There are 2 protein chains.
Amino acid sequence: MIKIGDFARLTQVSIVTLRYYDEMDLLKPVRVDSFTGYRFYSVEQLPRLNRILALKDLGFSLDQIKLMLADGLAVEQLRAMLTLQKSEVEKRLSEESERLQRIESRLRQIEMENKMPNYDVVIKNAPAMLVASCRMTIPTNDQVPQYLGPAFDELYDYIRKHNAKDTSPCFALWHSPSDVYENEDVEAIVPIDRQIKEAGRIKIYELPITQVASVVHQGNFEDFTQGHAALLEWIDANGYKIVGPYREIYIKFNHQNLADTTTEIQFAVEKA
Amino acid sequence: MIKIGDFARLTQVSIVTLRYYDEMDLLKPVRVDSFTGYRFYSVEQLPRLNRILALKDLGFSLDQIKLMLADGLAVEQLRAMLTLQKSEVEKRLSEESERLQRIESRLRQIEMENKMPNYDVVIKNAPAMLVASCRMTIPTNDQVPQYLGPAFDELYDYIRKHNAKDTSPCFALWHSPSDVYENEDVEAIVPIDRQIKEAGRIKIYELPITQVASVVHQGNFEDFTQGHAALLEWIDANGYKIVGPYREIYIKFNHQNLADTTTEIQFAVEKA
DNA sequence: TATACACCCTCAGGTGAGGTGAGAGTCAAG
DNA sequence: CTTGACTCTCACCTCACCTGAGGGTGTATA
């Protein structure tokens, strides 16, 4: 019979933890004095406690450990739990190593520019949505506004006429690679709230969910290339690769004042 | 002015999280209606939120992020925080990879024996303690009991006579390498609660804190070699190396019934 | 026998980064 | 005026413990 303090010293496990394991039914004292409530342990409990600690060291939760210590658990189940745990640790491992990569890349940027970078790249999922779209070929890059403006007007007119509504900001999709500046294959898109029929060059379809790397650009359209470049650099430095079209989301657009503009730019990416 | 739900959709951050960031003073809505309590955000807040998300992705806590977003923070401090974070991620990375190693080693063991291994190895710190010790050379391995028994008797007699008390179970330290079975250099040790003077072959000193790999053996002394072997195997399979003496801690010893015995065996180790 | 001191108990509350659910108020469209 | 979508606050949950308050227990010493 060993008092909790001595057992704690013996095993190098804190008294609080031992009481917690008691409460969780993981390791019950062999005897609890019904008058004083004192817990008494025995050396025979050392192997069980050590198994608990060893499994905790493998990253299992206390609930899982309780399961694994239950009698009558088949070896097969044990093996399955270990295999599962192995894959989870592998996942965490790769997450941490990507994190490390991101930190190092940001440190390099700070070394070079001697300030916090202007753009923060975020990985997120562009949700699936129903859209009205209008796809076209634009001869030269500087004609993009002349082509996109009317296309969006046409789309908004069309969906209003068909009693649908836009659910979020409109955007453009570049299907051409990002280093092509002639005869670009561009799609003007407005997300809408209900299925309507197609007409002429206006198509209605469900855009699937897509993982994207994104940055937000504020201010003049002309500085756009900076954000664009920062995003491409980040994608490259952090081990992603571009797997789909480039999006420009017109979150806030002010005809009067082009400097008062907010645009999100995104590339569909995957881990390389 | 954007309502919280739209802002959440736009940024792919949950409403609950946005409210939490408001409460934490990380990202305050630009306006809160004083009557309804409705929060209103603006597109100008997107870059700040994206910076928060990017830093969170680097593994920083919200408190740290708040610091990093405060104006007037020098680039030097930023760099320092990133460097610190880098080393912490590196630590976590190596912890996870050791964890993975341990899981794999246990899986291999299960494959081989088709059951959960009998011994669980635990890494812990043997605490620093004041001890009375008696070191000797034992000619052959089978004479160990004949030498250790009287030595412990002598030690317990001595400390009782000098008004000290033992604070935890006695143990033996093997200073010879574990593959030597002749003229072994062994030290019998009893931890005591106060400084007393030395006499003859009895030495009093402070044993320093030591990292050890340990297993508990229950039952017959003869099966001892199994635990011993399991421990050595584990140390090898998990990337540790032995850096100090081998300990045998006599947690429970029963002269009448040698099968009713609990012993902890430990090797001083370090990560290889 | 009084007291000092080391132990032990339970219970409440905290950690981080949100998630869940209840109950109630707000807003726009039909 | 009702419906349905949206928003608010508040309280409680997660996990593996840790901290502290307030009080009881056990043993050695003055």
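In what follows, chains are A, B, ... by sequence order, proteins preceding strands, each numbered from 1. Everything quoted here is computed from the prediction, not taken from an experiment.
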Heavy-atom donor-acceptor pair, Tyr20(B) side-chain to dG16(C) base, under 3.5 Å:
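Checked by distance alone, the answer is no.
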Which of these nucleotides, [options], is closest to any side-chain atom of [X]?
| X | options | value |
| --- | --- | --- |
| Val16(B) | dG24(D), dA17(C), dT20(C) | dT20(C) |
| Arg19(A) | dT7(D), dC27(C), dC8(C) | dC8(C) |
| Ser14(A) | dC8(D), dC18(D), dG26(D) | dC18(D) |
| Thr36(B) | dT26(C), dC8(C), dC17(D) | dT26(C) |
| Tyr38(B) | dT26(C), dC18(D), dG18(C) | dT26(C) |

Distance in angstrom units between [X] [atom1] and [N] [atom2], rounded:
| X | N | atom1 | atom2 | result |
| --- | --- | --- | --- | --- |
| Arg31(A) | dC9(C) | CZ | C1' | 15 Å |
| Arg9(A) | dC8(C) | CZ | P | 7 Å |
| Leu27(B) | dG18(C) | CG | P | 13 Å |
| Ile2(B) | dT7(D) | CD1 | P | 12 Å |
| Phe35(A) | dT25(D) | CZ | C1' | 9 Å |
| Phe40(A) | dG26(D) | CZ | P | 8 Å |
| Asp6(A) | dG26(D) | CG | P | 15 Å |
| Lys165(B) | dT27(D) | NZ | P | 11 Å |

So that I can tick it off, tell me whether [Y] and [X] are bridged by a salt bridge, with the cut-off set at under 4.0 angstrom between side-chain N and carboxylate O.
| X | Y | result |
| --- | --- | --- |
| Glu90(B) | Arg99(A) | no |
| Asp6(A) | Arg9(A) | yes |
| Arg51(A) | Asp120(B) | yes |

Using the rule side-chain contact (heavy atoms from CB on, under 4.5 Å), only one of Val122(A), Val215(A), Ile251(A) pairs with Glu264(A); which is it?
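Only match with Glu264(A) under side-chain contact (heavy atoms from CB on, under 4.5 Å): Ile251(A).
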Considering all heavy atoms, the nearest Gln85(A)-Leu58(A) contact
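Nearest pair, atom of Gln85(A) first, then Leu58(A): NE2-O, 3.2 Å.
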Indicate whether OP1 or OP2 belonging to [N] is found under 4.0 Å from a side-chain N or O atom of [X].
| X | N | result |
| --- | --- | --- |
| Thr17(A) | dC18(D) | yes |
| Arg39(A) | dC8(C) | no |
| Tyr21(A) | dC17(D) | yes |

With DNA chain D as reference, determine whether Lys3(A) or Ser61(A) sits nearer its 5' end, using the nearest nucleotide of each.
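It is Ser61(A), whose closest nucleotide lies nearer the 5' terminus.
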